[in-house]
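Everything below concerns the one structure shown next.
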Amino acid sequence: MRRAGGVETSSGDALPEGLGRAIRETARSIAALLDGATDPAAPVPGLEWTVGETAAHLALANGLMADLAAGQDRPYGDGTPQSLAAANARGLTEFPERGAEPLAAMIVEQAEAFLAAVAEADPARTLVTPLGPMTKDVLASYLLTHMLGHGWDLARGVGRPHMIDRTRVGLCLPFLKTAMPRVAAAPAGLTARYTLRVRGGETFGVTFTEGAVEVLPGPPERSECTILTAPVTFLLIALGRVGPWQAMARAGVLAWGRKPWLAPRFPTLFKAP
C-alpha cells in the first residue's frame, strides 16, 4: 500500500476547494474516536461488525483508495453489493489487526497517502474503482463519503459525537450523484421525476424512465415530487443508516409536489453497497 510516511501533503491545487482538508480532518476525527475506544470487540449499532472490525475495514479501504488514486490495479468485487460485501469480509479475514491505536494511525496515514497520490495524478485520467470509472475528484468524494459513513458508525459504537456536517455532505454530492445510476434497484417499469434539495446546498434532479436512472444538474421538467432534506439526514439516508420514515418522523425530510407520496419510496430505489 502506498503511504505518506506521516508527512503532511498539500492538496490545495489537486482537488476542489475544501475537499482535501475535509478528507484529512475526517481521518483525524475518526482517529480521535478510536483513541477513546477501550474495547475493540464492542458492537456497532446497525452493523454486524465490531468497533475493531469497522476500524480495520476503514484502514483497508483508505489504503485501497490511495492505491487507486496512484493508478494501481486493485480489483475489488464487480460493483454489486454482494461482491463488495464478499470482498470486505475477505479483507477482514486476511487482516487480523483490531487494535484501536495502530488502526487509527493507518487510517490517517492512508488518507495522507491518498492526498499525495491525487496531487500527482493526471486530472484527465479516468481511475478504475469498485463502483466504476471516476475522475480523481469523484474518487476523493467517494473516499470522504465512505469515511463519514463509517465515522458515524464508530461514533455510535463508542458513544461519542460524529463528524458529519453540512460542508462535508456537500463535498460528498459529486460521488453520490455519480453512484446513483450504478446502485439503482428500481423496478423496470418505473417512471418518476424527482427534485432533490439539500437544505442550504444543492438542488438536482433524478428521473426514472422505465427503470433507467438519470441524474440531472437541476430540477427535471414536470417534477412530480420535491424532497427537501437536512444535510446530515440526506447523507445518512443515502448510506442506508436512516430510513425515510424515521427521517420524516424527526422532521429531517419534507416532501411536496403533484405526487408527494413518492418521497418515502425514493431511498428504496437504490441499494447502498
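V198 places a side-chain heavy atom less than 4.5 Å from the side chain of P231. Taking 4.5 Å as the limit, some side-chain heavy atom of H57 sits within range of a side-chain heavy atom of L92. The closest side-chain heavy-atom distance from L19 to P16 is below 4.5 Å. A heavy-atom distance below 4.5 Å is found between the side chains of R125 and L127. In this structure, M106 and N62 have side chains that are not in contact, with every pair of non-hydrogen atoms separated by 4.5 Å or more. Taking 4.5 Å as the limit, some side-chain heavy atom of I227 sits within range of a side-chain heavy atom of V253. The side-chain heavy atoms of F208 and F266, taken from C-beta on, include a pair separated by under 4.5 Å. P123 is not listed as a side-chain neighbour of T135, based on a closest heavy-atom distance of 4.5 Å or more.
Note: the hydrophobic cluster containing V128 does not contain L64 (ILVMFWY, side chain heavy atoms under 4.5 Å, direct or indirect links). In terms of hydrophobic clustering, with Ile, Leu, Val, Met, Phe, Trp and Tyr side chains grouped at heavy-atom distances under 4.5 Å, L103 and V108 are assigned to different clusters. Hydrophobic clustering (ILVMFWY, side-chain heavy atoms < 4.5 Å, transitive): V158 and L47 are in one cluster. Y76 and M65 fall within the same hydrophobic cluster, where Ile, Leu, Val, Met, Phe, Trp and Tyr residues are linked whenever their side-chain heavy atoms come under 4.5 Å apart, directly or through other members.
Between A192 and L262 the shortest heavy-atom distance is CB-CD1, 4.3 Å. Nearest heavy atom pair, residue A255 against residue A263, reads CB-CB, 3.5 Å. Taking every heavy atom of both residues into account, T226 and S223 meet most closely at OG1-OG, 4.1 Å. Shortest non-hydrogen contact noted between A119 and A14 is CA-CB, 3.5 Å. Of all the heavy atoms in T50 and P40, the pair that sits closest is OG1-O, 3.2 Å. Here the shortest heavy-atom pairing between A111 and A27 reads CB-CB, 3.7 Å.
Atom CD of Q246 is surrounded by more than 12 heavy atoms from other residues, nucleotides or ligands within 6.0 Å.
In this structure, OG in S29 is found 11.0 Å from CG in L34, a value given to the nearest 0.5 Å. For the atom pair CG (L236) and CH2 (W152), the distance works out to 4.5 Å, reported to the nearest 0.5 Å. Rounding to the nearest 0.5 Å gives a distance of 5.0 Å between CG of L216 and OG1 of T207. Separating the CE atom in M163 from the CZ atom in R28 is a distance of 14.0 Å, to the nearest 0.5 Å. The distance from the CE atom of M134 to the OG atom of S141 is 8.5 Å, given to the nearest 0.5 Å. One finds the NE2 atom of H146 at 13.0 Å from the CD1 atom of I23 (value rounded to the nearest 0.5 Å).
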What verdict does the side-chain contact (heavy atoms from CB on, under 4.5 Å) test give for L139 and L68, after you've listed the backbone C-alpha separation in whole Å, the side-chain angles of each residue and the deciding distance to 0.1 Å?
CA-CA 9 Å; L139 181 61; L68 295 177; 4.1 Å; yes
Going through the checks in order, is the side-chain contact (heavy atoms from CB on, under 4.5 Å) test met by I30 and L58?
CA-CA 10 Å; I30 290 170; L58 266 175; 3.9 Å; yes
Verify side-chain contact (heavy atoms from CB on, under 4.5 Å) between L235 and T145, making sure each step is shown before the conclusion.
CA-CA 8 Å; L235 184 62; T145 304; 4.1 Å; yes
Show your working on side-chain contact (heavy atoms from CB on, under 4.5 Å) between V213 and V206 and close with a plain yes or no.
CA-CA 7 Å; V213 184; V206 180; 4.0 Å; yes
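Under a 3.5 Å cut-off, the side chain of E97 and the backbone N or O of G99 do form a donor-acceptor pair. A donor-acceptor pair under 3.5 Å is formed between the side chain of S83 and the backbone N or O of T80. Side chain of R241 to backbone of L239: a donor-acceptor contact under 3.5 angstrom is found. Looking only at distances, no side-chain donor or acceptor of T209 sits under 3.5 Å from a matching main-chain atom of A212. The backbone N or O of R193 lies less than 3.5 Å from no partner atom in the side chain of R222, so there is not a single donor-acceptor pair. Under the 3.5 Å distance criterion, the side-chain polar atoms of E120 are left unmatched by any main-chain donor or acceptor of A117.
Applying the under-4.5 Å side-chain rule to Ile, Leu, Val, Met, Phe, Trp and Tyr, the cluster around L228 extends to L254, W256.
In summary, K136 and D122 do not engage in a salt bridge, as defined by a charged side-chain N under 4.0 Å from a carboxylate O.
Under 3.5 Å, the side chains of D153 and T54 contain no donor-acceptor pair of N or O atoms.
The six-membered or imidazole ring of H150 lies away from that of H162, with a centre-to-centre distance of 6.0 Å or more.
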Could you list the donor-acceptor pairs under 3.5 angstrom formed by side chains in residues 170-191, with sequence neighbours left out?
residue : atom : partner : partner atom : Å
K177    : NZ   : E202    : OE1          : 2.7
T178    : OG1  : P174    : O            : 2.8
R182    : NH1  : L131    : O            : 2.6
R182    : NH1  : P133    : O            : 3.1
R182    : NH2  : P133    : O            : 3.1
T191    : OG1  : E210    : N            : 3.1

